[in-house]
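Every number for a ligand or one of its atoms is a count from 1 in the order of the listing. Just so you know, these numbers use all the heavy atoms, side chains as well, and skip hydrogens, waters and symmetry mates. Along the sequence shown, the residues carry numbers beginning at 1.
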Amino acid sequence: MTVFYNLHDKLYVNLTNLCSCDCVFCIRGGGDGVGDAESLWLTREPGVAEIRAAFDSRDLSGIAEVIFCGYGEPMERADTVMQTCEYIKSKCLLPIRLNTNGLVKLLFPCFDLSRLSIFDSVSISLNAADEAEYLRVTRPRFGAPSYAVMCEFAQEVMKYTAVSFTVVDVIGKEQIEKCREIARSMGVPLRVRNYIGNLTKNYVEGEHYEG
Ligand code: SF4
């Protein structure tokens, strides 16, 4: 069971396969493994003690950043994410990033977003420039409110840590330009990622996933 895996100089944390979205470009359908992981499919979700032990067994030499991001949306396990982040912070000085779809408030309405201040950065999948397109490409199980909730999440979390948006290039130039406008109007940097359709563990460029 792969909880941590390396890709380049990043250490990724894979805590769940659950996700409230079903993105048309989700790489989970393109392969099982990423980086040095044979498979990111979890037979069960690891507990906190297991996660800590798995982290303690990793060699951190050459690692520049820890990123919560795997074959699922990390914040499906919000409390475990927080506990794991706190543990890693207690063990090393590496910067830690959360990659998320920004829908935690729909999963856990009482979740206090100020808790995310423990992260050095939060990367949010913007994915589309309007609600209709967002629904089309991410197919969130929470439906129409999702886009507005994701944007509100970004604006709120900006109060506590560095936030950026991402889009994948397959959404097309027009959508990307509109996304740039939205990101600019909100004062959030936008990163355009290369789409990775048929992911293999030999993939060497770009980021493989946004949750
Ligand atoms: S949010 Fe991420 S994990 Fe979830 S379906 Fe979309 S790309 Fe896949």
Side-chain angles (χ1 to χ4, degrees), residues 1-5 7 10 12-35 37 39-43 45-46 67-78 80-81 84 97-108 111 116 119 121-154 157 163-172 175-176 179 182-183 188 190-201 203 205-211:
M1 185 164 71
T2 300
V3 180
F4 292 92
Y5 61 98
L7 185 63
K10 309 283 200 306
Y12 288 85
V13 194
N14 178 46
L15 295 185
T16 184
N17 293 147
L18 296 176
C19 186
S20 55
C21 293
D22 181 19
C23 299
V24 295
F25 44 71
C26 182
I27 60 100
R28 295 185 295 180
D32 293 338
V34 174
S39 174
L40 293 179
W41 295 111
L42 299 165
T43 50
E45 291 188 336
I67 303 175
F68 283 73
C69 168
Y71 263 19
E73 162 55 44
M75 294 304 279
E76 290 275 341
R77 300 189 69 194
T80 305
V81 164
T84 304
R97 187 209 312 172
L98 170 66
N99 284 4
T100 180
N101 62 16
L103 301 183
V104 66
K105 287 299 246 183
L106 291 171
L107 291 165
F108 307 108
F111 184 82
L116 297 179
F119 286 94
S121 60
V122 174
S123 175
I124 305 165
S125 304
L126 179 60
N127 285 327
D130 57 61
E131 181 181 295
E133 186 62 9
Y134 183 82
L135 290 176
R136 191 184 73 76
V137 299
T138 70
R139 302 183 291 195
R141 75 175 150 90
F142 296 110
S146 303
Y147 189 69
V149 167
M150 178 270 297
C151 291
E152 286 164 14
F153 172 84
V157 175
V163 165
S164 59
F165 279 136
T166 62
V167 294
V168 282
D169 56 3
V170 283
I171 67 173
Q175 276 289 313
I176 290 171
C179 286
I182 289 168
V188 178
L190 177 77
R191 191 160 49 92
V192 180
R193 297 183 302 111
N194 295 332
Y195 173 66
I196 304 150
N198 233 339
L199 189 77
T200 73
K201 65 199 295 270
Y203 180 77
E205 280 184 56
E207 283 219 352
H208 59 279
Y209 156 89
E210 291 296 318

*May I ask you to list the atoms of ligand 1 that are less than 4.0 angstrom from any heavy atom of Cys23?*
1 (S), 5 (S), 6 (Fe), 7 (S)
*Pairs flagged by salt bridge (Lys or Arg N to Asp or Glu O under 4.0 Å) wherever residues 16-27 is involved - sequence neighbours left out*: Asp22-Arg139
*When the ring planes of Tyr12 and Tyr5 are compared, do they come out parallel, tilted or perpendicular, using 30° and 60° as the limits?*
parallel
*asked:* Nearest 0.5 Å, please: how far is CZ in Arg193 from OG1 in Thr166?
replied: 5.0 Å
*Using ring pair (Phe, Tyr, Trp, His ring centres under 6.0 Å) as the criterion, list what pairs up with Phe119, not counting sequence neighbours.*
Phe68
*Numbered atoms of ligand 1 (with element) below 4.0 Å of Cys19, judged on heavy atoms*: 1 (S), 3 (S), 4 (Fe), 5 (S)
_Ligand-side contact atoms (ligand 1) for residue partner Arg28, heavy atom cut-off under 4.0 Å_ = 3 (S), 5 (S), 8 (Fe)
*Heavy-atom contacts with Cys21 under 4.0 Å: which atoms of ligand 1 show up? List them by number with element.*
1 (S), 5 (S)
